[in-house]
Peer 1: 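What follows is a structure written as structure tokens; I'll ask about it next.
None of the values given here were measured: they were computed from a predicted structure.
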Amino acid sequence: MSGITRRRLLGTAAGATAAGAFGAGYLVRGSDGEAQAAAEAVPFYGEHQAGIATPAQDRLVFASFDVTVNSRSELQALLREWTDAAAHMTLGAPAGPNNHSLPAPPDDTGEALGLPPSRLTVTFGLGPTLFDTGRGFGISEQQPDKLRKLPPLPGDELDPDRSGGDLCVQACADDPQVAFHAVRNLARLGRGSVVMRWCQLGFGRTSTTSRSQSTPRNLMGFKDGTNNIRAEDTALMNQHVWVGQSDSPAWMRGGSYLVARRIRMLIEVWDRASLGDQQDTIGRIKESGAPLGGQVENDPVKLSKVPVDAHIRLAAPSENGGERILRRGYSFTDGMDEDLGQLDAGLFFICFQRDPERQFVAIQRRLGSSDALNEYIKHTGSAVFAVPPGVRPGGYVGEGLFA
């Protein structure tokens, strides 16, 4: 398996199993309203892929794959099979038809049998390397100009084994076992056509993508994503997130571009910083979430009250030519750093936008050059993917690419 060691894979699987047990207990103890919400299914088919504007769920499994086949028809067959399986699993059904033949492996691994859909969404993306000439897919001329490997950015300490990939799968759900089941079964169905390059589990959303949600806190203890674009902001979604009907190539219209960044937080260093330093670094009051100089979380940010190197000041749209992104990140923890004996934890940052270079890259260059937060973080993984538009019944993800 490329890019992921056996120890990392076993650790990931163990973590998912433990998290699944916790999730099941939560449903038993939760209120009727919580149980009902967990039972809801998010429609798989639609104008846009689910998992972008969908109200952010509590858990994430994100996987990047390298394609090992070299023909157009084999790639299409994989995408068809993945689409069909995802459509079934988001309804709470098995990935494939039940197979009762004892000598053969079952069509579904079974760990989600009896569990509700838990608002599962499965979102697919295509990496820039998939379009390389010589791959045999005949799609190199269809590569979007906006789908390019991200350039080197300030503060990068990237691990190639946690970066890049031909295809990605983002599975989000309110039950970690449901999200894990989705990626596990897609990886199983893709055996012989893809190998997993890297995988990241996330817990605790660090963004708000709907006005129905409260603002969560990240592992630094601060409310995160107060000024994020919301799904209800139709004009902003069309301006900043969805590929427009006049954009090229035509097969991407209604889609978006996903940037994923694994951002390790230097937890031990942060925990030794004074409350004043922490608040000056972020630009918000830790307890209330209000911007410095404000009283409540949603008070307008008064830049004159915020240090010039504060995170929220440098990330503000007014400081970045009005550009915005839709954030959809999760906290993560991957045990201990073997060299330093410190927690390997932080933010798995995901964002969607119409143009990664103009939006994410430009904002990150500004942050990377002078953000006070840089003292407490480092970027260890990076990837960019084109997320095709939604799928119609009977179709498959990325179908327009092969038209």
Peer 1: For Arg148 and Glu357, run salt bridge (Lys or Arg N to Asp or Glu O under 4.0 Å): C-alpha distance rounded to whole Å, both residues' side-chain angles, the deciding distance at 0.1 Å, then the answer.
Peer 2: CA-CA 9 Å; Arg148 304 293 175 187; Glu357 179 72 27; over 6 Å; no

Peer 1: Show the nearest heavy-atom pair for residues Phe62 and Gln170, with the distance to one decimal.
Peer 2: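 Minimum heavy-atom contact is CD1-CB, 3.8 Å.
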
Peer 1: Within the 3.5 Å criterion, strictly below it, is a donor on Tyr396 or Glu81 matched to an acceptor on the partner's side chain?
Peer 2: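 No.
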
Peer 1: Side-chain polar contacts of residues 149-158 - donor-acceptor pairs under 3.5 angstrom, sequence neighbours left out - could you list them?
Peer 2:
| residue | atom | partner | partner atom | Å |
| --- | --- | --- | --- | --- |
| Asp156 | OD1 | Arg261 | NH2 | 2.6 |
| Asp156 | OD2 | Leu153 | N | 3.0 |

Peer 1: Given side chain to side chain donor-acceptor pair (under 3.5 Å), test His181 with Asp108 step by step and report yes or no.
Peer 2: CA-CA 9 Å; His181 168 264; Asp108 184 277; 2.9 Å; yes

Peer 1: Tell me the closest heavy-atom pair linking Asp334 and Arg162, and the distance in Å.
Peer 2: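 For Asp334 versus Arg162, the nearest heavy atoms are OD2-NH1, 4.0 Å.
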
Peer 1: What's the separation between atom CG in Asp58 and atom CG in Asp175, rounded to the nearest 0.5 Å?
Peer 2: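 One gets 10.0 Å once the value is rounded to the nearest 0.5 Å.
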
Peer 1: Any side-chain to backbone donor/acceptor pair from Arg72 onto Phe402? Under 3.5 Å, distance only.
Peer 2: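 Answer holds: yes.
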
Peer 1: Measure up the Trp251 and Phe131 rings against each other and bin them: parallel (under 30°), tilted (30 to 60°), perpendicular (over 60°).
Peer 2: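 Aromatic pair Trp251/Phe131 classed parallel.
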
Peer 1: Are the side chains of Leu167 and Trp82 in contact, using a 4.5 Å heavy-atom criterion?
Peer 2: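 Trp82 reaches Leu167 side chain to side chain.
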
Peer 1: To the closest 0.5 Å, what do you measure between CG (Leu292) and CZ (Arg313)?
Peer 2: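 Leu292 CG to Arg313 CZ: 11.0 Å, rounded to 0.5 Å.
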
Peer 1: How many angstroms lie between CG in Leu347 and OG1 in Thr206, if you round to the nearest 0.5 Å?
Peer 2: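 Result: 4.5 Å between the selected atoms.
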
Peer 1: Please examine the side chains of Phe360 and Phe349, heavy atoms only from C-beta on, and report whether any two atoms are closer than 4.5 Å.
Peer 2: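 Heavy-atom side-chain distance check passes, below 4.5 Å.
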
Peer 1: With ring centroids as reference points, do Trp198 and Phe65 lie under 6.0 angstrom apart?
Peer 2: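 When the ring centroids of Trp198 and Phe65 are compared, they turn out to be at least 6.0 Å apart.
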
Peer 1: Between Gln76 and Ser73, is any side-chain donor less than 3.5 angstrom from a side-chain acceptor?
Peer 2: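 Side chains of Gln76 and Ser73: no pair found under 3.5 Å.
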
Peer 1: Taking all atoms of both residues into account, what is the closest heavy-atom pair of Asn218 and Ser331, and its distance?
Peer 2: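 Heavy-atom minimum between the residues: CA-OG, 4.3 Å.
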
Peer 1: Looking at every non-hydrogen atom in both residues, tell me the closest pair between Glu375 and Leu266 and how far apart they are.
Peer 2: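 Minimum heavy-atom separation between Glu375 and Leu266: O-CD1, 3.8 Å.
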
Peer 1: Considering only NZ, NE, NH1 and NH2 on the basic side and carboxylate oxygens on the acidic side, decide whether Asp344 and Arg262 come within less than 4.0 Å.
Peer 2: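 Arg262 and Asp344: salt-bridged.
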
Peer 1: Apply side-chain contact (heavy atoms from CB on, under 4.5 Å) to the pair Leu326 and Gln359, showing each step before the final yes or no.
Peer 2: CA-CA 10 Å; Leu326 175 67; Gln359 293 170 264; over 6 Å; no

Peer 1: Side chains of Arg328 and Gln57: donor-acceptor distance under 3.5 Å anywhere?
Peer 2: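 Per modelled atom types, Arg328 and Gln57 side chains form a pair under 3.5 Å.
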
Peer 1: Restricting to non-hydrogen atoms, name the atom on Ser64 and the atom on Gly165 that form the minimum distance, rounded to 0.1 Å.
Peer 2: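 Looking at all heavy atoms of both residues, the shortest contact is OG-CA, 3.2 Å.
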
Peer 1: Which donor-acceptor pairs under 3.5 Å do side chains of residues 230-237 form with protein atoms, sequence neighbours excluded?
Peer 2:
| residue | atom | partner | partner atom | Å |
| --- | --- | --- | --- | --- |
| Arg230 | NH1 | Thr226 | O | 3.3 |
| Arg230 | NH1 | Asn228 | O | 2.5 |
| Arg230 | NH2 | Thr226 | O | 3.1 |
| Glu232 | OE1 | Arg211 | N | 3.1 |
| Glu232 | OE2 | Ser210 | OG | 2.8 |
| Glu232 | OE2 | Arg211 | N | 3.3 |
| Asp233 | OD1 | Arg211 | NH2 | 2.5 |
| Asp233 | OD2 | Arg211 | NH2 | 3.3 |
| Asp233 | OD2 | Arg230 | N | 2.9 |

Peer 1: Taking atom OG1 of Thr83 and atom CZ of Arg392, what is their separation to the nearest 0.5 Å?
Peer 2: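 Rounded to the nearest 0.5 Å, the OG1-CZ separation comes out at 11.0 Å.
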
Peer 1: For Glu287, I'd like to know if atom CD has over 12 heavy atoms of other residues, nucleotides or ligands within 6.0 Å.
Peer 2: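 No - once you tally the heavy atoms of other residues, nucleotides and ligands closer than 6.0 Å, there are 12 at most.
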
Peer 1: Give a yes-or-no answer on whether the side chains of Ser256 and Gln353 include a donor-acceptor pair shorter than 3.5 Å.
Peer 2: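 Their side chains do not contain a donor-acceptor pair, so the 3.5 Å distance test is not met.
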
Peer 1: For Pro356 versus Tyr257, what's the shortest heavy-atom pair and its separation?
Peer 2: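 Shortest heavy-atom separation between Pro356 and Tyr257 comes out as CG-CB, 3.5 Å.
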
Peer 1: Can you find a heavy atom in the side chain of His240 that is under 4.5 Å from one in the side chain of Ile229?
Peer 2: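 In contact.
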
Peer 1: Arg119 side chain to Pro55 main-chain N or O, any donor-acceptor pair under 3.5 Å?
Peer 2: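 Checked: pair present.
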
Peer 1: For the CZ atom of Phe332 and the CZ atom of Phe348, what is their distance to the nearest 0.5 Å?
Peer 2: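 That separation rounds to 9.0 Å.
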
Peer 1: Walk me through whether Arg184 and Glu111 qualify under salt bridge (Lys or Arg N to Asp or Glu O under 4.0 Å).
Peer 2: CA-CA 10 Å; Arg184 177 186 179 185; Glu111 71 272 22; 3.1 Å; yes

Peer 1: Hey, could you give me the CG/CZ distance between Leu130 and Phe137, rounded to the nearest 0.5 Å?
Peer 2: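 Reported to 0.5 Å precision, the distance equals 5.5 Å.
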
